[in-house]
Colleague: 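Take this structure, written in structure tokens, and hold onto it; I'll ask about it next.
Reminder, nothing fancy here: chain letters follow the sequence lines and each chain counts from 1. These numbers were taken from a predicted model, which means no experiment stands behind them.
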Number of protein chains: 2
Amino acid sequence: MKKLKQDLRIIKTKDSLRHALLALLKQKPLETITIAELCREATINRGTFYLHYKEVHEVFREYLEVIVEDLKQSYEEPYYKTNYHIQNLEADMIKIFHHVKKYKDFYQIIFDERIPMMYYYLLFDTVRSFMKESIEEHFELDHSIQLDYLISYQTNAILGILIEWHRHGYETSIQELNQHLITILSINSPVRKMQ
Amino acid sequence: MKKLKQDLRIIKTKDSLRHALLALLKQKPLETITIAELCREATINRGTFYLHYKEVHEVFREYLEVIVEDLKQSYEEPYYKTNYHIQNLEADMIKIFHHVKKYKDFYQIIFDERIPMMYYYLLFDTVRSFMKESIEEHFELDHSIQLDYLISYQTNAILGILIEWHRHGYETSIQELNQHLITILSINSPVRKMQ
DNA sequence: ATATATATTGAACATGTGTGCAATAAAAAT
DNA sequence: ATTTTTATTGCACACATGTTCAATATATAT
């Protein structure tokens, strides 16, 4: 009676749309791709599109969620933790840099000024969850609104580096980026206030 | 021979469109307002719209630029500068909080997830120019890519507070926000590294 | 005041959007 | 293998988009 897994037809439809989108993205920017165009490319009836999505962005978003999953998983690997918080933070951030570099083509789209904030927030929330863990490990603060603001401050600071990286056309190397980060962290040194 | 000022007809058209947009924004979200709808409200021919703009966002953006001008001007007033950089930074940030609070209705739109990044970047670039001045005053660094990253890091950190404020429905008072900021700045204390 | 320049209008056209519905195809359940 | 369920299709409709064009209205320049 109950369906155990998703209908094969739905999976096939979504796969077609995702492949069509990736094909079109090699030719033109995301914002110029219409639903009608995407459906023609995917050989899918336009009405079928509306059964699963409301706009082209949702197809892209679904793919982006897979990509962000890759970032999440890299955080679940155990890694060497030193006594110095700053070194953990550094290691964490370098992971993010590598991730963004790996999927550069996507992040170029995400940071495009025509694109809706939703993707930025998706990245923000993902990084924020890591930052939350990292900060809560090292601070003996109760959950408080105060802490929410601190976490969002630190998270968006890191995304600020990514925005700058984007504006430099991703030409800054990860080593160099890492050097900048060390300098910034040593200026705004949180180490000295650790528990 | 040369036109000294803009044609009155153009000014009238743009005024009508701006007023129509503000009227419609009281009824429905920006993303749902179509060009046709806006032109009907403004009693402007749709073709005329395309002579000046390409999308509804450009009308909103033009108005937002006026609002951001208000923020810029507040930075040109002379204000009390102490020897402590942290206090200058605080004063600067409180100005931003007041500005955002004053134009809350607009910033609610700007931080909406459906809205394109362009407005976020407009705010980012404005705050960044103040941050650049503030940081360059206190650091003896040459212009360098390193500095670009530092400035974007600090700027976006502040915008992180605004994002968190937005998510709390702008219910946190400015005093409270200021308290959070002091705490954050004292944790990430840049004071001790000042020139 | 008149001539000149140009902004605005209205109409038309192909295409895109969002929705609804009956017919059909294809998967899941028995 | 047959029945049942449901995803997909094709078509239709009203409205939105982006562009072009000649006719008109209204600033600007003299």
Side-chain angles (χ1 to χ4, degrees), chain A residues 1-63 109 112-116 118, chain B residues 1-63 109 112-116 118:
Chain A
M1 257 162 235
K2 281 181 193 169
K3 232 189 311 179
L4 295 179
K5 53 177 189 171
Q6 187 151 251
D7 195 307
L8 282 181
R9 290 168 294 186
I10 296 178
I11 294 171
K12 185 174 156 269
T13 295
K14 290 192 167 187
D15 278 357
S16 301
L17 286 170
R18 196 174 57 254
H19 286 130
L21 182 62
L22 292 177
L24 288 174
L25 279 175
K26 286 173 185 166
Q27 301 164 28
K28 55 194 307 204
L30 179 57
E31 286 303 279
T32 69
I33 298 171
T34 67
I35 291 170
E37 194 175 12
L38 182 63
C39 293
R40 275 196 301 274
E41 178 76 22
T43 338
I44 290 294
N45 190 281
R46 200 163 54 85
T48 307
F49 176 92
Y50 286 107
L51 292 173
H52 305 293
Y53 304 103
K54 274 168 67 184
E55 42 181 17
V56 176
H57 283 301
E58 290 176 40
V59 183
F60 184 77
R61 180 181 232 279
E62 224 171 72
Y63 192 69
I109 296 171
D112 186 285
E113 64 174 11
R114 291 165 300 179
I115 259 61
M118 58 183 292
Chain B
M1 257 162 238
K2 280 182 195 167
K3 231 188 311 177
L4 295 178
K5 53 175 190 173
Q6 186 151 250
D7 196 307
L8 281 181
R9 290 167 294 184
I10 297 178
I11 295 170
K12 185 174 155 269
T13 296
K14 290 193 168 188
D15 280 356
S16 301
L17 285 170
R18 195 174 57 255
H19 286 129
L21 183 61
L22 293 176
L24 287 174
L25 280 175
K26 287 175 184 165
Q27 299 164 30
K28 53 194 308 205
L30 179 56
E31 286 303 279
T32 70
I33 298 172
T34 67
I35 291 171
E37 193 176 12
L38 181 63
C39 293
R40 276 195 301 272
E41 178 76 23
T43 338
I44 291 294
N45 189 280
R46 199 162 55 82
T48 307
F49 176 91
Y50 286 108
L51 291 173
H52 305 293
Y53 303 102
K54 276 169 65 183
E55 43 178 19
V56 176
H57 282 301
E58 290 176 40
V59 184
F60 184 77
R61 180 180 232 279
E62 226 170 69
Y63 192 69
I109 295 171
D112 186 285
E113 64 173 14
R114 292 165 300 178
I115 260 60
M118 58 185 291

Colleague: With the sugar-phosphate defined as primed atoms, P, OP1 and OP2, and the base as all remaining atoms, what B/S/- string results for nucleotides 16-21 of chain C, 5' to 3', for protein heavy atoms under 4.0 Å?
Modeller: SBBB--
Colleague: Tell me if the side-chain of A/R9 makes a donor-acceptor pair with the base of C/dA27, cut-off 3.5 Å, by modelled atom types.
Modeller: no
Colleague: Taking only residues at least two apart or on different chains, which pairs with a member in residues 10-20 of chain B satisfy salt bridge (charged side-chain N to carboxylate O under 4.0 Å, His left out)?
Modeller: B/K14-B/E62, B/D15-B/R18
Colleague: Over the length of the helix from C/dA1-D/dT30 to C/dT30-D/dA1, how much do the five-pair end axes diverge, rounded to 10 degrees?
Modeller: 40°
Colleague: Run the side-chain contact (heavy atoms from CB on, under 4.5 Å) test against A/A36 and tell me which residues pass, sequence neighbours left out.
Modeller: A/T34, A/R40, A/R46
Colleague: What is the distance from CG of B/D15 to C1' of D/dA27, rounded to the nearest Å?
Modeller: 16 Å
Colleague: Ignoring backbone atoms, establish whether B/T48 has a side-chain N or O less than 4.0 Å from OP1 or OP2 of C/dA7.
Modeller: no
Colleague: What residues, two or more places apart in sequence or in another chain, satisfy side-chain contact (heavy atoms from CB on, under 4.5 Å) together with B/A20?
Modeller: B/L38, B/E41, B/A42
Colleague: Answer yes or no: does a side-chain N or O of A/H52 lie under 4.0 Å from OP1 or OP2 of D/dT8?
Modeller: yes
Colleague: Which heavy atom of A/P116 sits nearest a heavy atom of B/R114, and at what distance?
Modeller: CB-O, 3.5 Å
Colleague: Enumerate the residue pairs fulfilling ring-ring contact (aromatic ring centres under 6.0 Å, His included) with a member in residues 22-59 of chain B, sequence neighbours excluded, ordered by first and then second residue.
Modeller: B/F49-B/Y53, B/H57-B/Y119
Colleague: Tell me every residue that passes side-chain contact (heavy atoms from CB on, under 4.5 Å) with A/N45, counting only those two or more places apart in sequence or in another chain.
Modeller: A/T48
Colleague: Where the side chain of A/L8 is concerned, which of D/dT8, C/dA7, C/dA28 is the nearest nucleotide?
Modeller: C/dA28
Colleague: Only counting residues at least two apart or in another chain, list the ones meeting side chain to side chain donor-acceptor pair (under 3.5 Å) with A/K28.
Modeller: A/E37
Colleague: Who passes side-chain contact (heavy atoms from CB on, under 4.5 Å) against B/E113, sequence neighbours left out?
Modeller: A/M118, A/Y121
